[in-house]
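Data block below; observations after.
Scope of the values below: all heavy atoms of this structure, side chains included, with no hydrogens, waters or symmetry mates. Keep in mind it's a predicted model, so treat the numbers as computed, not measured. Naming: A, B, ... by sequence-line order, numbering from 1 per chain.
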Protein chains: 2
Amino acid sequence: MRLHPSQLPKGARVYLPEEAARKRHVERGLLGVFERWGYREVVTSTFEYADVLATGTDADVQENMFKLVDRETGRLLALRADITPQIARIVATRLRDEPKPIRLAYVTNVFRYDEPQVSHYREFYQAGVELIGLEKPEAEVEIIAMALEGLRTLGLDRYQLVLGHPDFFRGLCEEAAADPARVRELRAALGRKDAATLERLVEALAPPREVREALLALPALFGHEAVLERAAGFARSKRSARALANLSEVYRLLTIYGLADAVLLDLGEVRGFDYYSGTYFEAYVSGFGASVAAGGRYDHMLARFGYDCPAVGFAFDVGRLLSVMEAQGVAVELPGPDFFIIDFTPDKTAALSLARRLRDLGASVARDIVSRPLEESVAYARAQRVRRVLVAGSPRTGADQLLVLDLADGSERTLPVAEVLADPLRHFGGLGHA
Amino acid sequence: MRLHPSQLPKGARVYLPEEAARKRHVERGLLGVFERWGYREVVTSTFEYADVLATGTDADVQENMFKLVDRETGRLLALRADITPQIARIVATRLRDEPKPIRLAYVTNVFRYDEPQVSHYREFYQAGVELIGLEKPEAEVEIIAMALEGLRTLGLDRYQLVLGHPDFFRGLCEEAAADPARVRELRAALGRKDAATLERLVEALAPPREVREALLALPALFGHEAVLERAAGFARSKRSARALANLSEVYRLLTIYGLADAVLLDLGEVRGFDYYSGTYFEAYVSGFGASVAAGGRYDHMLARFGYDCPAVGFAFDVGRLLSVMEAQGVAVELPGPDFFIIDFTPDKTAALSLARRLRDLGASVARDIVSRPLEESVAYARAQRVRRVLVAGSPRTGADQLLVLDLADGSERTLPVAEVLADPLRHFGGLGHA
């Protein structure tokens, strides 16, 4: 079957120039935050052996990996579906002797056979960090503060971080002697806040009365500080109690740090990967149903790669951030070139020397190479959002004169080429990117 | 078989923090050049239908694509092995109505089952541009100038651009009535500058005497302006003559632009993709055998996607650039955090407010969360290449005093925390990234 050459597979996505500029703006901004907090970028490989990748990856995600046969070895390869296990492996094998903590960042794409949704593709982009080697709750607080700082840096408002601890729920499931399949069903019902299904599942389990009450209370165990008190009555198992104590400590620190207002505690928050072993959070922006960032503590993953070491981390979903920025009308400056040079002289040396001079000063300069009437060139420049058009040897001026059209304010002036070359800054005060 | 979890497939590559910082430095620098010349980034998808990708891709590269079956449709997918065909398709289908020229840039990874070599992996990184809609030789000159500017921006020297035109050779092959298989063999021999094989192949072809001489002269047809004259005697076919005229015009412009010194003409340069239809160039750095950039004119590719439009483009190989920079000892600044804050007070508010204040000013600030003796923390900071260590509530000072250790010059001073908070710039003049 002959395909139309424009056809893209489901879930593939192209970013045209304006979208790509917005994406670059978001990724630069987030990497800037990570760097200001002392994190250093790493770059992982896009493909790996599928079973190595699987070592740290949740079963659901494993099933949705893009797999291919390695032509060389016949072994199964997979495209990365989650970066955290890759970084865990890198730390466990190549950075284990580095002094702790290790602060790592990444900005990259991941691949999953998810059903494409609004702002979600099968190849999507994440920007995140891993903080390795710290058991203390200050580690969670650091990455939560960074998540909030990232949202602020991008110019977003009306966001909230939902903070939970999967062990509170896991402790209740142990008390209820729920088998793994039942636990999965309970989690799914809680994730959907589906009270009817939850009740049916809990009734079928027939746990002790206190455990039953606790499980049914989960969807309502969200809010600020008071939630911790309400939950205390349900934390009868060691596992649940420890989770609650840990969550309380993180929340106490967030309060000291002035961040608690942006954080909603939610003990019914049981989404996230199985590998999360401690506090888990998701970031939401008002009016957008899916989380734009998620992360938490995963103390047991590095051990799977042979190195037992605590860790926390989180990632932003870049595509979803772009959507919520658009929804909130966050303006991203997308400037065109600072200068557009049109040269009517035969030897083009004016265009050449001007372009070089201005670029050396850090300005962006596009040249009109097409021979066309001045009006058409100016229309082109306008469409490219050029700030100033410089015309050498225009029919309206002498060959050694430069016609300067300011497309921003509509003004027009004529200057000797030599004078502009001698001191461009005098004539064009703000040189854009300069 | 159980794999060791550290095992990476052949040709996969991880960039640890220092290497990743160098890679980011190179990619940022090149994207900066592209932007200063008025190019706008696009982001293509990593996977596409294999036959759609194949539409614009050379046969050799097609054979070496990473292929996988689309779980959804059963169709064959491939990872991109070359970005130019993807961009050609995007322009032909989604940007065809944009006014010309269209200037596009990219910085991304590509995948090929090449035999891994020094500085070359099966996943590798390219930064390049496409200039679409211009037939004039000024287009080639623009991208050649950008290639040279990119090398200069990265701090390299002793580089040279080798410029050829495949049609000069193709014209000779037509005169010799060489079939495609023989043409491939001739190209391979020329690419290796293998005179013995070339002679054997030409003898077997038994072309007219003038053509025989021309083919055998190819490996020596390199140099500066004089080459054009020498080659003129061999350009008897229309195709060869047109190629030579085109190359002469490009070279004439390069001379006017002051770039000819960096350019070596080479009519025996016949490597590069089949899709190059006009001038073709590769950039070399002294002491490194492989090219670090390549590009040229490909006027017929967009037509394969249904839109007939001339185009030129080129790409840098980021991995190879990193190698030649290392070989030439180009220093890339890899600063650690500007500040490292250690707080011995119980409530940590000094650390918190200092970190926030300094980050808001654009400085990078890492915090020491581990409880350990001061000397160990300072040793850690030193290993992270921290510039200044700030110690709040140190055993050696009061709780409201800040001990400032400058790791760069070894100096030490004590300041009141409140004073530093009030005006950090006064105390720490240069705030690193700020």
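- Within the 4.5 angstrom heavy-atom criterion, only side-chain atoms of A:Q384, from C-beta onward, approach chain B.
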Would B:K348 and A:I256 count as a side chain to side chain contact (heavy atoms under 4.5 Å, CB included) if you check the C-alpha gap in whole Å, the side-chain angles of each, and the deciding distance to 0.1 Å? CA-CA 9 Å; B:K348 316 285 181 207; A:I256 295 178; over 6 Å; no

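- For the set B:G38, B:S45, B:A366, the count of heavy-atom pairs under 4.5 angstrom toward chain A peaks at B:S45.
- In this structure, the side chains of A:S364 and B:W37 stay at 4.5 Å or more apart for every pair of heavy atoms.
- Residue B:S353 does not touch chain A at all, counting heavy-atom pairs closer than 4.5 Å.
- Distance check: A:R24 CZ to B:L31 CG gives 5.0 Å after rounding to the nearest 0.5 Å.
- Residue A:R13 touches chain B through its backbone alone, counting heavy-atom pairs closer than 4.5 Å.
- In this structure, the side chains of A:F66 and B:L77 come closer than 4.5 Å at one or more pairs of heavy atoms.
- Counting heavy-atom pairs under 4.5 Å between each of B:R356, B:E19, B:R122 and chain A puts B:R122 at the top.
- For A:F47, the parts lying under 4.5 angstrom from a heavy atom of chain B are both the backbone and the side chain.
- Heavy atoms of B:N109 lying under 4.5 Å from chain A belong exclusively to its side chain.
- A donor-acceptor distance shorter than 3.5 angstrom exists from the side chain of B:Y380 to the backbone of A:P101, with no hydrogens or angles considered.
- Contact check on A:R367 versus B:E142 returns no salt bridge, with no Lys/Arg side-chain nitrogen under 4.0 Å from an Asp/Glu carboxylate oxygen.
- Neither the backbone nor the side chain of B:R385 comes within less than 4.5 Å of any heavy atom of chain A.
- Between A:P17 and B:L104, some side-chain heavy-atom pair lies under the 4.5 Å cut-off.
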As a quick check of understanding, evaluate side chain to side chain contact (heavy atoms under 4.5 Å, CB included) for B:L8 and A:R89, giving each step before the final call. CA-CA 11 Å; B:L8 273 180; A:R89 196 211 52 230; 3.8 Å; yes

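- Contacts between A:V69 and chain B at a heavy-atom distance below 4.5 Å involve the backbone alone (N, CA, C, O).
- For the options A:E149, A:E63, A:E18, heavy-atom pairs under 4.5 Å to chain B are most numerous at A:E63.
- Only the side chain of A:D360 comes within less than 4.5 Å of a heavy atom of chain B; its backbone N, CA, C and O stay farther away.
- No more than 12 heavy-atom neighbours from other residues, nucleotides or ligands sit within 6.0 angstrom of CD on A:E135.
- Neither the backbone nor the side chain of B:V386 comes within contact range of chain A, judged by heavy atoms closer than 4.5 Å.
- Inter-residue side-chain proximity for A:V370 and B:K100 is flagged as unmet; no heavy-atom pair is nearer than 4.5 Å.
- Checked for salt-bridge contact, A:E35 and B:R359 miss the test: no charged N lies under 4.0 Å from a carboxylate O.
- Using a 4.5 Å cut-off between heavy atoms, A:A105 makes no contact with chain B at all.
- Between B:K67 and A:D70 there is no salt bridge, since no side-chain nitrogen of the basic residue lies less than 4.0 Å from a carboxylate oxygen of the acidic one.
- Side-chain N/O atoms of B:T46 and A:E123 include a donor and acceptor closer than 3.5 Å.
- Judged purely by atom type and a 3.5 angstrom limit, A:K136 uses its side chain to pair as donor or acceptor with the backbone of B:I369.
- Residue B:K23 touches chain A through its side chain alone, counting heavy-atom pairs closer than 4.5 Å.
- With chain B as partner, the option from A:E72, A:R71, A:R103 having the largest number of non-hydrogen pairs under 4.5 angstrom is A:R71.
- With respect to chain B, the highest number of heavy-atom pairs below 4.5 Å among A:V33, A:D347, A:D368, A:V42 belongs to A:V42.
- Residues B:R40 and A:L16 have side chains not in contact (no heavy-atom distance under 4.5 Å, counting atoms from C-beta outward).
- No side-chain heavy atom of A:V14 sits under 4.5 Å from any side-chain heavy atom of B:V43.
- Only the side chain of B:L134 comes within less than 4.5 Å of a heavy atom of chain A; its backbone N, CA, C and O stay farther away.
- Atom CG of B:L352 sits about 11.0 Å away from atom CD of A:E138, to the nearest 0.5 Å.
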